[in-house]
Amino acid sequence: MYTFESVTQLNSYANELLSNDPGTASLSVTGEISNLTIYRSSGHAYFTLKDAESQISCVMFKSYLQGLNFTPKDGMKVVLTGSCAIYSASGRFQIKAFAMAQKGKGDLAEQMKLLHRKLSAEGLFAQEHKLHIPVLPERIGVISSPVGAVIHDIINTLNRRNPFYSLLLYPAAVQGEACAPDVMAGLDYFSSRDDIDVIIIARGGGSLEDLWGFNNEELARKIYDCRIPVISAVGHETDYTICDYVADLRAPTPTAAAELCIGKYEELITNLANKKSMLNLALMNYAELQRRRLDALKDSKALYSPMVYVESLRTSLEAVKKDLDNSGKALVNEHRYRLKSIIDGIEMLGPMNVLKRGYSYATKDDRAVTEVKGLNIGDNLDFVFSDGSINVEVKDIYEGDAKIG
């Protein structure tokens, strides 16, 4: 049993559960608008979405409301896209809507447009996130129906262009409710292997309803996160799905996907032959250049008379030696002058020079006397001057101006 310290804590916990649950974190639901209120101060819309038996509170903030191409009204049947949440202040269970489409004609197209706008704003379609398609994939993973013309067209096109490949088919529903889950399972399967170089997601043409499984948000994010390059070949040339926008490469048809997936064998052989010829020509040009350099060196005096080269080196060496000698002499003179200055300074500070300037120092029993403390009347002291010394007897002792002995 959980224990909550407050109602606020309980509401926050419930809201976190809703935010982390895939079924309530991102959803679409159909219902009828009622009790719609759009506040002038904030621009946010608050309303109830209901059917014949139930209802739920909803909020759509101003930034999302302004993105609609119609004006919501009471009684209007809509498809709402958003996430479930608990409003902590009142404990109200509600939907925070970020998209809304009118139910009926044009409904699917509007939902696709809103999803495209959302994923585009998140950067899922940005070119810098797209992976490069390998030039010569060894193993190709195909997610498609195992029956029908699509897989046969892909295999026939690959065989015609380059027989040096292997193909692994992941059978998937390409229409209806099972479409998106099957395709995502195929992406997970190929991502778990280490031998798949590129993935093709393919199906033939069809109506918007037929292709609707490829406009799934979860599938789009799965393609975006796939570590293997993905080619989307869904529908015909004029058919576009969210899968096409998020894939690393969009092919107008499954046949075109096979053509974009692998290079034509004859063209690759021709390109290799051309590159080989260019490499041989470059090597020949390099060899000719080196031969000419050797020919030029043959006439060099140094080659015929090594002493010419030795003499030039000797002359250079003499010049370097002379420069070093001059630099060395200058450096020695500089240090000699600096040393003499230091010695003169030390001598000026020597004790004899201090004595010559009128100073003397006293000793008692060959020990220097630096203070009157410890002296007694009658002690004999030696005073040393610059030219000799004298011996005196202590008659009086003063500490400062006071006589102490």
Side-chain angles (χ1 to χ4, degrees), residues 1-104 107-108 110-124 177 180-181 184-185 188 212 215-222 224-225 242 246:
M1 180 179 70
Y2 286 102
T3 301
F4 296 96
E5 299 296 331
S6 65
V7 176
T8 300
Q9 188 181 42
L10 173 59
N11 284 346
S12 298
Y13 175 78
N15 186 58
E16 185 175 352
L17 290 179
L18 293 173
S19 300
N20 293 328
D21 187 280
T24 54
S26 180
L27 57 87
S28 292
V29 61
T30 301
E32 181 183 315
I33 295 176
S34 66
N35 300 322
L36 174 66
T37 301
I38 301 177
Y39 288 94
R40 289 185 178 181
S41 57
S42 64
H44 306 328
Y46 298 86
F47 57 95
T48 300
L49 193 69
K50 66 178 184 178
D51 56 23
E53 300 176 352
S54 302
Q55 64 181 24
I56 185 172
S57 298
C58 303
V59 58
M60 176 174 271
F61 296 122
K62 178 180 179 181
S63 58
Y64 296 119
L65 192 65
Q66 290 177 334
L68 301 181
N69 60 357
F70 66 96
T71 302
K73 296 179 181 178
D74 283 341
M76 184 178 288
K77 195 171 185 181
V78 296
V79 177
L80 205 64
T81 303
S83 59
C84 292
I86 296 289
Y87 181 53
S88 180
S90 64
R92 179 184 299 165
F93 176 65
Q94 64 180 3
I95 294 177
K96 295 169 68 175
F98 55 77
M100 182 190 297
Q102 288 181 273
K103 186 68 177 174
D107 175 48
L108 293 181
E110 181 64 20
Q111 289 185 55
M112 179 180 171
K113 179 180 178 182
L114 293 172
L115 181 57
H116 182 281
R117 182 185 303 164
K118 176 187 176 183
L119 298 182
S120 179
E122 293 183 27
L124 267 70
E177 293 184 1
M184 286 190 287
D188 286 338
W212 191 246
N215 292 316
N216 180 278
E217 180 177 353
E218 190 176 355
L219 172 58
R221 297 188 185 278
K222 181 75 70 172
Y224 178 80
D225 293 333
I242 296 297
V246 75

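Excluded from the calculations below are hydrogen atoms, water molecules and symmetry mates; all remaining heavy atoms, backbone and side chain alike, are included. Start at 1 with the first residue, then count along the sequence.
For the atom pair CZ (Phe47) and CD (Gln94), the distance works out to 10.0 Å, reported to the nearest 0.5 Å. A distance of 5.5 Å separates CG of Asn215 from CD1 of Ile242, quoted to the nearest 0.5 Å. Note that CD of Glu16 and CG of Asn20 are 5.5 Å apart. Values are rounded to the nearest 0.5 Å.
Residue Phe98 qualifies as enclosed at atom CZ: its count of foreign heavy atoms under 6.0 Å is above 12.
Minimum heavy-atom separation, Ala45 to Ile38: CB-CG1, 3.8 Å. Here the closest heavy-atom approach between residue Lys118 and residue Ser26 is recorded as NZ-OG, 4.4 Å. When all heavy atoms of Ala99 and Leu114 are compared, the pair lying nearest together is CB-CD1, 3.5 Å. Counting all heavy atoms, side chain and backbone alike, Ser19 lies closest to Ala25 at O-CB, 3.2 Å. The two atoms that bring Met60 and Leu68 nearest to each other are SD-CD1, 3.9 Å, heavy atoms only.
Side-chain contact between Ser83 and Ile95: absent, with no pair of heavy atoms (C-beta onward) separated by less than 4.5 Å. When side chains are defined from C-beta on, Val29 does not count as touching Val79, because their heavy atoms never get closer than 4.5 Å. Under the 4.5 Å side-chain criterion, counting only non-hydrogen atoms from C-beta, Ser12 is not in contact with Gln9. For the pair Met100/Ile33, a side-chain contact is recorded, criterion being any heavy-atom separation below 4.5 Å from C-beta on. Lys77 is not listed as a side-chain neighbour of Gln102, based on a closest heavy-atom distance of 4.5 Å or more. Under the 4.5 Å side-chain criterion, counting only non-hydrogen atoms from C-beta, Leu49 is in contact with Val78.
Ring planes of His44 and Phe61: perpendicular class, angle over 60° (limits at 30 and 60°). Using the six-membered ring where Trp is involved, Tyr46 and Tyr39 have ring planes that are perpendicular, over 60° apart on the 30 and 60° scheme.
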Evaluation steps, side-chain contact (heavy atoms from CB on, under 4.5 Å), between Leu119 and Val246: CA-CA 9 Å; Leu119 298 182; Val246 75; over 6 Å; no
Derivation and outcome, side chain to side chain donor-acceptor pair (under 3.5 Å), residues Thr81 and Ser28: CA-CA 4 Å; Thr81 303; Ser28 292; 3.1 Å; yes
Pair Cys84-Leu27, side-chain contact (heavy atoms from CB on, under 4.5 Å): steps then yes or no: CA-CA 8 Å; Cys84 292; Leu27 57 87; 3.4 Å; yes
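Between Phe93 and Tyr87, the distance separating the two ring centers is not shorter than 6.0 angstrom.
Listed by chain and residue number, Thr48, Lys50 satisfy the side-chain contact (heavy atoms from CB on, under 4.5 Å) test with Ser34 (two or more places apart in sequence, or in another chain). When the salt bridge (charged side-chain N to carboxylate O under 4.0 Å, His left out) test is applied to Arg221, the partners found at least two apart in sequence or on another chain are Glu122, Glu217.
Although no hydrogens or angles enter the test, the distance criterion places a donor-acceptor pair under 3.5 Å between the side chain of Asp74 and the main chain of Asn35. Between the side chain of Asn15 and the backbone N or O of Asn11, no donor-acceptor pair lies under 3.5 Å. Proximity of a side-chain donor or acceptor of Asn216 to a complementary backbone N or O of Ala180 within less than 3.5 Å is not detected.
When each of Gln111, Arg117, His116 is paired with Lys113, the side chain to side chain contact (heavy atoms under 4.5 Å, CB included) condition holds for Arg117 and for no other.
Using a 3.5 Å distance cut-off with no hydrogens or angles, the side chains of Ser88 and Thr8 do not pair a donor with an acceptor.
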